[in-house]
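Fair warning: this is a prediction, and the values are worked out from it, not measured in the lab.
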Amino acid sequence: MDFSLTEEQRAFQATARQFAREAMMPHARDWDEGEVFPVEALRAAAALGFAGIYVRDEFGGSGLTRLDAALIFEELAQGCTSTAAYLSIHNMVAWMIDRYGGEPQRQRFLPKLCTMEHFGSYCLTEPGAGSDAASLTTKARRDGDHYVLDGAKAFISGGGRSDLYLVMARTGENGPRGISCIAVEKGTPGLSFGAQEKKLGWKTQPTAMVLFENCRVPVENLIGAEGEGFRIAMAGLDGGRLNIGACSLGGAQFCLDRTIDYMKERRQFGTRLADFQALQFRLADYATELDAARLLLHRAAVAVSGGEPGATPLAAKAKRLATDVGFEVVNGCLQLHGGYGYLRDHPIERVLRDVRVHQILEGTNEIMRVIIARAMLQQ
């Protein structure tokens, strides 16, 4: 087991770190306050290869591994956690097409996704189907050389702004085996969007319902075979969970670094906060928990890349731990800042609002426990 990074990994980690500090961090507050979707910054990230991190290079991707992606997303999240999280979702869409799409679909969709000339959205969740995703009711009825979609998707990042929507829809029987994956392009008749959601955090990415009413999509937009959609969606989530965990770790590390600096300067009772042993212990615990979560995340990333048999429960463990620890550390850093941490003049409260949803999306942390326990009991 070699825990050291390769020279190449250190190089793109440094590139991501520099980009986060120069192109994201100075603007993150304004993006959050103005609910700005930072198109130019995202396209600049894509120019560095961060929009198709594990898409094959022949279609414009970087051809990297899940571990490489985890390193990149942790750095980007220190610049703007919300924007990094959207980039994670976009990467998931691109990979699903690369992995399960046919050659014509790859050639048609991937080059523009990898440059972020086009933005992508992942459409699984519905108003009545969240954790119970296999009960989704959006239908795709075959009509000649088209599918006709009817239904609605909820909480879709990029909703109304993305150019390509990867939609899980029911083409057959009830349950997971009746679900298929269909790419729906912006401008397709019958595709519409709800109002933009007003959210606690993640304000740099638009979020809306995606609506289908007699929406006719060419059959050639089917990704994989009919009935494979649920399996494709879950495979996408294995990687998405790693990325969102990395975003939590990045946000938490950002807050911890600033808290250490603050504690060296802030004085109470004539003493620096950094010199109170009780507070030192808290910092030690935060650093230990972050390192433990990071190691598990990296182990799971290697398992997912290698297609190991236990990769899915490992990814669930890593997501559960990283997002729980990430929120705990950010919340603790806010507490150590006292009243200043609660002010919008300081970035801690913004990161807190952004990382909170990581415990909910890509499968709630309660569902992560279901996945882990089920795998244990089936052994």
Side-chain angles (χ1 to χ4, degrees), residues 10-51 53 62 69-91 115-117 119 157-158 161 196 198-207 243-244 246-266 286 290 326-327 329-331 333-334 336-358:
R10 287 193 297 271
F12 58 66
Q13 184 184 49
T15 298
R17 182 180 302 124
Q18 181 179 2
F19 179 81
R21 281 154 176 71
E22 295 179 358
M24 299 173 76
M25 198 177 290
H27 310 291
R29 179 184 174 185
D30 290 340
W31 291 344
D32 176 74
E33 295 281 354
E35 300 189 6
V36 174
F37 185 50
V39 170
E40 295 310 315
L42 286 166
R43 287 176 176 159
L48 296 173
F50 297 157
I53 295 173
S62 297
L71 298 171
I72 290 167
F73 280 113
E74 181 171 348
E75 295 297 335
L76 294 179
Q78 296 196 44
C80 177
T81 305
S82 169
T83 303
Y86 172 74
L87 195 58
S88 164
I89 296 166
H90 178 92
N91 268 270
T115 61
M116 288 191 117
E117 178 181 346
F119 296 103
S157 291
R161 182 59 185 82
Q196 287 296 312
K198 298 296 182 182
K199 310 186 296 293
L200 174 70
W202 270 27
K203 293 180 180 292
T204 70
Q205 45 178 296
T207 305
N243 293 343
I244 215 66
C247 287
S248 287
L249 296 178
Q253 191 66 57
F254 169 85
C255 292
L256 183 57
D257 290 344
R258 272 140 195 80
T259 300
I260 292 169
D261 291 339
Y262 176 79
M263 289 175 62
K264 290 177 180 178
E265 297 176 1
R266 176 71 167 169
Y286 294 157
L290 282 176
F327 181 78
V329 170
V330 174
N331 194 37
C333 288
L334 191 152
L336 289 170
H337 275 76
Y340 292 109
Y342 202 67
L343 299 179
R344 297 179 79 90
D345 292 334
H346 293 261
I348 307 291
E349 63 83 27
R350 168 171 48 82
V351 179
L352 181 85
R353 290 186 285 107
D354 285 342
V355 299
R356 179 60 184 88
V357 75
H358 297 182

Closest heavy-atom pair and its distance - M24, W31: CA-CH2, 3.8 Å

Minimum heavy-atom distance Y262-L336, with the two atoms named: CE2-O, 3.5 Å

Euclidean distance, F37 CZ relative to F119 CZ, rounded to 0.5 Å: 4.5 Å

Q196 side-chain N/O to T207 backbone N/O, donor-acceptor pair under 3.5 Å: yes

Verdict with reasoning, W202 to R356, per side-chain contact (heavy atoms from CB on, under 4.5 Å): CA-CA 9 Å; W202 270 27; R356 179 60 184 88; over 6 Å; no

Result of checking R350, R353, K203 against D32 for side chain to side chain donor-acceptor pair (under 3.5 Å): R353

Pair K198-E35, salt bridge (Lys or Arg N to Asp or Glu O under 4.0 Å): steps then yes or no: CA-CA 10 Å; K198 298 296 182 182; E35 300 189 6; 3.8 Å; yes

Heavy-atom closest pair, residues C333 and T259: CB-OG1, 3.1 Å

Donor-acceptor contact present, side-chain S88 to main-chain N243, <3.5 Å: no

Residue pair C80 / T83: nearest heavy atoms and the distance that separates them: SG-OG1, 3.1 Å

Which atom of P26 lies closest to which atom of A20, heavy atoms considered: CD-O, 4.5 Å

Backbone of M116 reached by a side-chain donor or acceptor of R43 within 3.5 Å: yes

